[in-house]
Every structure is written in C-alpha cells, then in structure tokens.
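Data block below; observations after.
No hydrogens, no waters, no symmetry mates; every other heavy atom, side chains included, goes into these values. These figures come from a predicted structure and were not determined experimentally.
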Amino acid sequence: MAAMIKLNVGGHHFETTKTTLEKCGFFKSMFSGNWNLDCGKDDAGRIFIDRDGAYFHYLLSFCRGSLPRVRRAVSSSCGRMLCTGAAPS
C-alpha cells in the first residue's frame, strides 16, 4: 500500500498518498529527500502548506486523474498556486 500523507493546507486537512502527490512537480520535489519536512508540520504532525486550502481539492482531483476537463488549466497553474498562492483561473 502507498504511504499515506496528511496535509494541512491553510487550515484545511487532506489525506492522500505520496504516489498521488508526486504527480505534481512541487510535491515530487518536496518528497525527494531534499527538504526538511519536520520544520513544516503542524501540532498534529500534518505537513503544513501555507496556501489557500479552499482550492487544494482541485489539485488533488487533478493528480487523481478525475478532472479531465480542467486538466490543462490545473496542470499549468499547479506550481503557480503552490509557489505564489495564486488560485486557478
């Protein structure tokens, strides 16, 4: 079974697999071993990402392959959303 990952994205809690997240280049880089994830965890041990969690479910749906109609829009804005906080338009 794939490793489960618990996230806190702007106060919204998500659970998914490492395999799912690694479909986005941002998370692939995050889990490459080059980041110190201990400093970016909340009190419950979830990986904290300081971005608007209201939009994060779109990114997860894209990574899970369940949003084919918006695949290109989410793909192009994945890094922008995570790195700058800009929501998909």
Side-chain angles (χ1 to χ4, degrees):
M1 182 173 187
M4 294 297 296
I5 303 291
K6 293 182 180 183
L7 302 168
N8 175 346
V9 184
H12 296 255
H13 301 156
F14 299 91
E15 291 185 37
T16 189
T17 64
K18 182 178 175 182
T19 303
T20 295
L21 289 175
E22 286 180 330
K23 293 177 183 174
C24 176
F26 175 86
F27 288 105
K28 189 171 187 172
S29 177
M30 177 186 275
F31 296 121
S32 68
N34 295 326
W35 289 27
N36 179 0
L37 295 179
D38 290 335
C39 65
K41 291 189 177 182
D42 68 10
D43 294 338
R46 295 180 201 93
I47 297 170
F48 179 73
I49 299 173
D50 190 16
R51 293 291 179 255
D52 189 343
Y55 297 103
F56 191 73
H57 70 279
Y58 292 115
L59 178 66
L60 278 181
S61 292
F62 167 75
C63 291
R64 292 172 177 151
S66 58
L67 285 178
R69 290 180 45 204
V70 295
R71 181 172 291 275
R72 189 171 68 182
V74 173
S75 179
S76 66
S77 60
C78 170
R80 183 178 45 211
M81 180 177 102
L82 292 169
C83 296
T84 68
S89 54

> Which pairs count as side chain to side chain donor-acceptor pair (under 3.5 Å) when at least one residue sits in residues 4-15, sequence neighbours excluded?
Replying inline: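 Output for this query lists N8-D42, H13-R46.
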
When the side chains of residues 18-31 are checked against the rest of the protein, which donor-acceptor pairs come out under 3.5 Å, sequence neighbours left out?
unit_1, atom_1, unit_2, atom_2, d
T20, OG1, T17, OG1, 2.9
K23, NZ, C63, O, 3.3

> Quick one: ring-ring contact (aromatic ring centres under 6.0 Å, His included) partners of F14, sequence neighbours excluded?
Replying inline: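 F14: ring-ring contact (aromatic ring centres under 6.0 Å, His included) contacts with F56.
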
